[in-house]
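To start, the structure under review is shown below, and the notes come after it.
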Amino acid sequence: MKSADNMLLNLKNDLLNTTNFVQLGEVEVRYLGRNGQVNDLMKKLKDLSVIERSEQGKKLNQLKANVETLINEKRKELTHKEDFEKKIDITLPGVKIPKGSLHLVSYAIEEIEKIFKKLGFIRMSYPEVEWEYFSFEALNMPSNHPARDDFETFFIDSPKDKNFGRMVLTPHTSSGQIREMLRVKEPPIRMINIGKTYRPNWDASHVPMFHQFEGLCIDENINITHLKGTIDFFAKEFFGSDREIRLRPFHFQFTEPSFEVDITCDICKGQGMVGDKKCRLCKQGWLELGGTGMVHPNVLKSGGIDSQRYTGWAFGFGVERVMMMKPGIGVSNMRVLYDSDIRINEQF
Ligand code: PHE
């Protein structure tokens, strides 16, 4: 059927010149519409004899199917083309990949490490899941001692070791003191142990997982002036020369004498009040950084250090606490550091 062959050729030609869906619609009407070319041929069937009609009818049906296939293929092609053009518009400005930043606490840890490095302290990391022995007994806190209650502790569901007891999530970084003494064996020791610590508290200035940094200095003739000098150096470097620290007599089982170190609060500038309201963070002008003192001889003994020959000092401060006290940080609720809203990091 000549007209059928011509029709397919013409259609192919028309489709080559079809570049959008409007044109394709027009082509479709021209070929497959009620008054389209295919139907025109169909209408002529009635003039044919019965035999011819059935033969031509089959051919026309085949022709119609071919026409539909060609038009559908073109439709697919146009759809792909449109998708492609929509996705890649080379005239649009490029998409900027957002720059990440470290968490505020990570910045603080880096800075603390740097400050102590200047004084010759090396940074160590010790286990976060620790034996009770290293967290308490070796630090002069036997299991029945009431001071142990101060370190409310998360216990791990683990078998008990007959020498080391149960396992805990480190309630303080002081276990690192013992581990460092056992590692170094013979002083001098100048260590800064920065790690995660855990206690079951949750309020504006406590979160159950926080960080501490623990300084330890052991050598011959080490005394309390070295302790004061070092903490003062840290405070001036980290907070600026206008921040003040004070040592308050205190008690820890693992140091003697012991102190608590406070620093003036950056939110209320040491006043304890913001306007006519008590400062939400510190309540009285000073914020506790943590404890310090001269290492107790029993602790030196646990670490295998000759307590006749060597003396030392140690401190343990909260990383979040010192970070929040830094000028310009202005974070008054510790919990926002860990509620996964990255807007807090985007500011720094
Ligand atoms: N481990 C004590 C605490 O978490 C702090 C401390 C460290 C005190 C070292 C004295 C010496 O509160």
Side-chain angles (χ1 to χ4, degrees), residues 112 116 121 123-128 130-142 145-154 168-181 189-201 205-218 222-224 226-232 234-235 245-263 286-303 305 307 310-323 325 334:
I112 291 163
F116 282 96
F121 283 66
R123 173 158 178 205
M124 295 303 297
S125 289
Y126 284 112
E128 248 173 74
E130 181 57 287
W131 295 107
E132 259 182 303
Y133 172 79
F134 289 100
S135 292
F136 298 119
E137 272 84 357
L139 291 166
N140 201 31
M141 282 188 282
H145 199 282
R148 221 152 131 159
D149 297 344
D150 299 341
F151 299 85
E152 289 167 86
T153 307
F154 288 110
V168 297
L169 295 181
T170 44
H172 54 177
T173 41
S174 299
S175 43
Q177 288 186 33
I178 305 294
R179 290 202 174 261
E180 181 68 357
M181 290 180 214
I189 293 174
R190 278 172 186 70
M191 171 203 76
I192 188 86
N193 170 31
I194 313 180
K196 290 195 177 73
T197 42
Y198 303 83
R199 293 182 205 173
N201 296 316
S205 49
H206 297 89
V207 288
M209 190 283 300
F210 58 107
H211 295 77
Q212 284 190 339
F213 56 114
E214 184 99 7
L216 178 68
C217 173
I218 302 176
I222 292 290
N223 64 51
I224 215 161
H226 304 122
L227 157 63
K228 273 186 93 171
T230 306
I231 294 178
D232 193 56
F234 166 74
I245 63 160
R246 69 179 182 190
L247 295 185
R248 242 182 319 113
F250 202 71
H251 173 80
F252 293 105
Q253 280 295 111
F254 31 92
T255 45
E256 183 58 39
S258 303
F259 307 95
E260 275 199 329
V261 185
D262 297 335
I263 183 155
W286 294 88
L287 257 181
E288 174 201 322
L289 294 185
T292 185
M294 299 302 291
V295 179
H296 195 288
N298 288 351
V299 175
L300 291 172
K301 268 176 223 150
S302 311
I305 304 283
S307 63
Y310 296 109
T311 48
W313 53 257
F315 69 80
F317 294 171
V319 174
E320 287 81 356
R321 224 176 258 282
V322 299
M323 187 273 289
M325 287 295 90
M334 198 182 283

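Counting convention: from 1, in listed order, for ligands and their atoms alike. Every heavy atom of this structure was used, including side-chain atoms; hydrogens, water molecules and symmetry mates were not.
Using a 4.0 Å cutoff on heavy atoms, Trp313 does not count as a contact of ligand 1. Put simply, part of Ser174 is less than 4.0 Å from ligand 1, judged by heavy atoms. Between Arg199 and ligand 1 there is a heavy-atom distance shorter than 4.0 Å.
The protein heavy-atom contact nearest to atom 9 (C) of ligand 1 is Glu214 OE2, 3.3 Å. With hydrogens left out, the protein atom closest to atom 2 (C) of ligand 1 is Phe254 CZ, 3.8 Å, a heavy atom. If you check which protein heavy atom lies closest to atom 7 (C) of ligand 1, you get Gly316 N, 3.1 Å.
Residue Gln177 approaches ligand 1 through these ligand atoms, each under 4.0 Å from one of its heavy atoms: 9 (C). Atoms of ligand 1 lying under 4.0 Å from any heavy atom of Phe151, numbered from 1 in the order shown and given with element: 3 (C), 4 (O), 12 (O).
At least one side-chain heavy atom of Glu128 sits less than 4.5 Å from a side-chain heavy atom of Tyr198.
Remark: aromatic rings of Phe121 and Phe234 are distant, center separation not under 6.0 Å.
Relative ring orientation between Phe151 and Phe254 is described as tilted, the plane-to-plane angle lying within the 30° to 60° band. Trp313 and Phe315 have parallel rings, their planes meeting at less than 30° on a 0 to 90° scale where 60° marks the start of perpendicular.
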**Audit row: Glu152, Arg199, salt bridge (charged side-chain N to carboxylate O under 4.0 Å, His left out) steps and yes/no** = CA-CA 6 Å; Glu152 289 167 86; Arg199 293 182 205 173; over 6 Å; no
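For the pair Thr255 and ligand 1, the shortest N or O to N or O distance does not fall below 3.5 Å. Between Thr292 and ligand 1, a contact under 3.5 Å exists for no N or O pair.
Both the sub-6.0 Å distance and the 45° axial angle are satisfied by Arg179 relative to the ring of Phe134.
Of the possible donor and acceptor atoms, none in the side chain of Asn140 sits under 3.5 Å from a partner among the backbone N and O of Val299.
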